[in-house]
Amino acid sequence: MGPIYSLGDFLDMVRRRLFTIFCVFVLGCLGSLWFAASRQHEYETAEVLQITQPQIAGELAKSTVEGSSARRMQLIEQRLMARGSVLEIIEKFGLYADMAALTPLQKVALLRQSVRITGVAAAREGFADDGTISVLTITARMPTAEQAQQVAREFGRRTIELSTATRIDQARETLSFFAEKEAALADQVAALEDEIAAYRNANDVTLPGTIEFRRAEIAAMNEGLLEIARERIEIRRAADQAQATERPATARRLQAEAGQQLATLDAQEALLTERKAELEASLQTTPEVERQLGAYDRRLEQLQGELGQMTARRNEAEVGFRLETTRQAERLTVLEPAPLPDYPVTGARKTKALMGAAASLILSLLAAFLLELRRPVLRTARQMERETGLMPVVSVPVMDTRTRRGLFRRKA
């Protein structure tokens with residue numbers, strides 16, 4: 001059975017419970033004032049970093065740092081928010097020095113909550129999202145304006161340094177890997193060439209390129225032998241003709257000259273024949289030697305191909321490393337440095353106190369209403385008629401004979 005049905009009932013309740021309403025309202029206002037005074041102002045500022053595109057087109061000089069900028073920024077954020085890095089910033093600027101009761105872990109948690117790093121995705125090219133970020137915003141909220149500016153700029157500086165160091169380290173590791181791989185392949189090629197040379201010497205096999213020369217030399221010797229045979233025939237015919245036509249003395253002299261010429265030709269023929277036999281012997285190899293030489297050649301060709309590919313990749317890695325060290329690739333720049341905030345972002349203390357007073361008034365009226373619900377008494381004839389439908393004949397007021405002094409009087 002509710003006691004409040006009209007404005008008169010409400011005003012009557014306020015009159016009866018004025019002391020309770022006053023006490024609850026005063027206590028609430030005091031609590032609001034204490035809460036507003038204990039709340040500390042917070043200042044917020046933001047530093048904006050821009051991810052600039054490479055100065056040289058990727059088709060001409062490609063960087064070896066792969067992956068989307070969003071993933072790299074995520075890794076950098078994780079390193080920035082690491083406990084060691086956060087503690088360094090707290091010690092550098094003396095943050096939370098007035099909160100001696102806080103442990104280092106609690107201070108780290110507070111700073112992590114006070115700093116936000118957000119990125120704005122770049123415009124898409126087509127329908128594919130490549131994870132590229134165009135702008136990175138670092139927002140810091142601290143108790144003082146100077147601390148907010150210092151923290152935002154410190155996080156921005158560390159972000160740029162970590163981004164540069166990460167890209168240079170990745171490019172350096174890539175260049176080092178391909179350089180080591182190229183050196184290893186070069187050593188393998190040199191060792192294989194030495195092995196092939198030793199195998200050829202052990203099996204008396206000529207080096208590549210001399211086979212054609214020796215074959216040409218053998219062909220020339222064959223022509224020389226044929227020429228010697230022709231000259232021998234001509235000398236013999238001339239000697240036979242001189243014996244038949246000349247006088248005996250002249251014929252004997254010509255026969256002696258012909259014999260000397262034939263002896264010379266025989267010596268030349270023997271020399272050429274011996275040299276030809278040596279060359280032909282040097283060209284003769286067994287099928288097993290040929291098979292092994294073919295395997296060596298294939299292996300050498302494969303290693304040389306891998307060495308060529310590795311040299312090309314090492315050159316690309318060197319170009320990428322130079323792009324990173326000279327800061328001509330993708331990099332972070334400060335687009336808007338963190339300004340010194342003029343006003344706190346938290347609400348004014350006076351506003352908080354007024355809101356607390358309004359809440360205290362509502363709470364005091366609610367407390368009075370709850371007390372009325374606790375004792376639902378029919379106090380007027382109108383209430384009785386409304387609740388029971390009976391018209392009272394006589395209303396006897398309650399007479400309070402107790403004398404009370406003071407500003408407030410309660411009526412039972």
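Residue indices begin at 1 and follow the sequence shown.
In this structure, Glu301 places its CD atom where only 12 or fewer heavy-atom neighbours from other residues, nucleotides or ligands lie under 6.0 Å away.
Looking at residues two or more places apart in sequence or on another chain, you find a side-chain contact (heavy atoms from CB on, under 4.5 Å) between Arg298 and Ala295. Applying the side-chain contact (heavy atoms from CB on, under 4.5 Å) test to Pro337 and every residue at least two apart in sequence or in another chain returns Arg153, Val334.
The closest donor-acceptor contact from the side chain of Thr159 to the backbone of Phe155 lies under 3.5 Å. Looking only at distances, no side-chain donor or acceptor of Thr45 sits under 3.5 Å from a matching main-chain atom of Ala145. Side chain of Ser85 to backbone of Met81: no donor-acceptor contact under 3.5 angstrom is found. Proximity of a side-chain donor or acceptor of Thr325 to a complementary backbone N or O of Arg322 within less than 3.5 Å is detected.
Remark: Glu324 does not engage Arg172 in a salt bridge, criterion side-chain N to carboxylate O under 4.0 Å. Glu318 has a carboxylate O that lies under 4.0 Å from a charged side-chain N of Arg314, or vice versa, which qualifies the two as a salt bridge. Using a 4.0 Å cut-off between a side-chain N of Lys or Arg and a carboxylate O of Asp or Glu, Arg230 and Glu227 qualify as a salt bridge.
From Arg275, atom CZ reaches atom CE of Met221 across 5.0 Å, with rounding to the nearest 0.5 Å.
Applying the side-chain hydrogen bond (donor to acceptor under 3.5 Å, both in side chains) definition to pairs two or more places apart or across chains, none involves residues 332-345.
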